[in-house]
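Worksheet for the structure shown next.
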Amino acid sequence: MNHDALVAVARAVFEAAGGSPIDPDYVLPADIPLELSGEAVRARLCVFTDNRGAEMAMRPDLTLPVAQREAARLEGGALPKTYTYAARAFRLPAAADDPFEFTQVGLERFGYGADPGADAELFALVHRAVEACGVQPKAIVTGDLAIFPAFIDALCLPVVTTDLLKRAFRQEGGVRAVLDEAARPLDADVLKALDAAEPEAALGDILAARDMPLVGARSLAEIVEGLRARRAAIEAGGLPDGARAALLALRDVDCPLTQAPETLNALAKARGLTGADAALDAFAARVGKIMALVPGARRTAEFRAGFGRRFTYYDGFVFEVLAEGLSPSQPVAAGGRYDGLISGLSSGRVAATGIGGVVRPDRMIRVRRAGA
């Protein structure tokens with residue numbers, strides 16, 4: 001099958017699941033993807049200034065512009081809706097052989113409450129679309145972005161420490177960097193910069209003097225915010241050894257998906273974290289439904305506790321489908337749940353949930369050619 005045939009096959013799977021075709025905007029205000037994408041993706045955004053001086057971005061994926069359209073619709077109190085699309089997205093390549101412009105064929109379901117069954121059904125649809133295109137998954141990497149916050153909340157730490165850890169989970173370097181630095185006080189010049197009239201400029205001067213360039217896509221404002229959170233956490237008493245050990249143990253969970261519920265429950269029980277029970281029960285229910293719908297996932301699917309930070313609008317179940325001949329950074333399909341995305345995009349703060357998944361025909365062509 002060529003590119004167009006793969007697009008047609010994948011889209012047919014999603015349309016059969018009730019998806020209404022949509023052609024979302026190519027360009028959106030840059031603050032939307034800048035705020036809602038993780039650092040690894042933000043560094044790859046195609047940003048420009050329009051004739052009014054406003055900063056705009058080419059859509060880095062299709063979820064954001066579809067959700068932006070949906071936010072306006074939901075302000076009128078509309079019922080849940082499912083969309084499908086086959087459209088181009090634009091990102092600076094993650095690998096030398098990746099294109100700048102590529103097609104995503106996907107399904108987005110908005111307005112449906114968080115439900116393990118809905119997550120499993122979406123996962124099964126994406127898996128079915130990949131197989132319909134003649135590609136057999138080599139591995140499926142899954143995560144659940146609700147687990148880590150549930151463990152943190154169950155530790156009953158001060159609010160400033162809780163907020164710092166949850167923010168760290170979304171950043172490059174992640175929780176390990178925060179845990180390593182938790183007991184180390186901030187340098188005197190950094191503390192002085194945080195209290196300066198213009199803290200970003202003061203911190204920039206310190207970085208320049210130390211010959212430390214900005215890395216990734218984190219701005220000085222975000223660094224200042226993170227340092228202030230770290231200072232507040234230190235002043236609140238830092239991180240107890242027991243909490244540190246529990247979070248390090250959680251961070252290192254990497255196992256077959258079928259074993260993940262038992263592994264996570266055993267870890268929570270060993271640490272006395274009964275407050276995480278609801279999140280763990282929902283996780284176990286989802287795993288059971290996935291295995292019932294996609295029996296082959298028993299062989300291919302794994303769970304990683306730290307997986308899923310690239311797009312920060314995801315806050316629940318996430319997954320990527322990997323295939324032979326491509327690197328782990330080049331999945332042929334991916335998806336996840338975003339319980340707060342519409343609220344973040346809508347001026348009316350509309351509360352809605354969603355889940356979506358996409359396949360990449362350009363990558364599947366390469367897999368098929370390699371296997372021919």
Side-chain angles (χ1 to χ4, degrees), residues 38-40 114 116 119-120 123 137-157 161-182 239-291 294 296-312 314-322 328-329 331 334-339:
E39 292 176 54
D119 293 349
F123 174 87
K138 176 184 72 174
I140 301 170
V141 184
T142 71
D144 187 336
L145 298 174
I147 297 295
F148 191 82
F151 268 62
I152 292 176
D153 290 339
L155 287 168
C156 299
L157 300 169
T161 306
T162 293
D163 291 346
L164 175 66
L165 289 166
K166 289 180 179 179
R167 183 185 297 111
F169 182 71
R170 298 289 192 167
Q171 297 173 345
E172 294 300 310
V175 175
R176 181 78 207 208
V178 171
L179 295 179
D180 288 345
E181 296 171 352
L239 189 66
D241 290 342
R244 173 188 171 87
L247 294 178
L248 284 175
L250 174 60
R251 183 192 68 106
D252 290 339
V253 173
D254 185 345
C255 63
L257 182 58
T258 53
Q259 298 176 15
E262 181 180 354
T263 300
L264 293 173
N265 274 298
L267 177 56
K269 184 177 181 180
R271 305 290 174 176
L273 303 181
T274 56
D277 286 350
L280 293 175
D281 289 346
F283 175 78
R286 183 193 304 117
V287 172
K289 292 178 183 297
I290 285 175
M291 296 308 162
V294 187
R298 293 183 179 276
R299 175 181 54 83
T300 57
E302 60 182 278
F303 172 80
R304 295 178 188 168
F307 172 71
R309 294 182 304 210
R310 280 189 294 212
F311 286 101
T312 56
Y314 288 128
D315 45 18
F317 173 56
V318 286
F319 65 92
E320 289 183 349
V321 180
L322 308 180
S329 66
R337 173 165 289 280
Y338 33 85
D339 287 345

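Heavy atoms only: backbone and side chains are in, while hydrogens, waters and symmetry mates are out.
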Parallel, tilted or perpendicular: ring planes of Y314 versus Y338, cut at 30 and 60 degrees: tilted
Closest non-hydrogen atom pair, R271 against A249: NH2-CB, 4.4 Å
Qualifying residue for side-chain contact (heavy atoms from CB on, under 4.5 Å) with T300, from V321, I140, L257: I140
Closest heavy-atom pair and its distance - T263, C255: OG1-SG, 4.1 Å
Closest heavy-atom pair and its distance - A279, A146: CB-O, 4.3 Å
Close side-chain approach of L157 to L165, heavy-atom, < 4.5 Å: yes
Heavy-atom pair of closest approach, residues A150 and A276: O-CB, 4.1 Å
CG on L280 to CG on N265, rounded to 0.5 Å: 5.0 Å
Passing candidate, side-chain contact (heavy atoms from CB on, under 4.5 Å) with I152, options D163, L250, T162: T162
Test applied, side-chain contact (heavy atoms from CB on, under 4.5 Å); reference residue, F317; option that passes from T142, L145, V287: T142
Nearest atoms (heavy-atom pairs only) where L273 meets F151: CD1-CD2, 3.5 Å
Note, I147 side chain near V253 side chain (heavy atom, < 4.5 Å): no
Nearest heavy-atom neighbours spanning F303 and D144: CE1-N, 3.7 Å
Over 12 foreign heavy atoms within 6.0 Å of NZ, K138: yes
Test side-chain hydrogen bond (donor to acceptor under 3.5 Å, both in side chains) applied to D153 - qualifying residues, sequence neighbours left out: K166
4.5 Å side-chain heavy-atom contact, D254 and F307: no
Set of side-chain hydrogen bond (donor to acceptor under 3.5 Å, both in side chains) partners for R304, sequence neighbours left out: E302
Rounded distance (nearest 0.5 Å) linking atom OG1 of T258 with atom CZ of R298: 7.0 Å
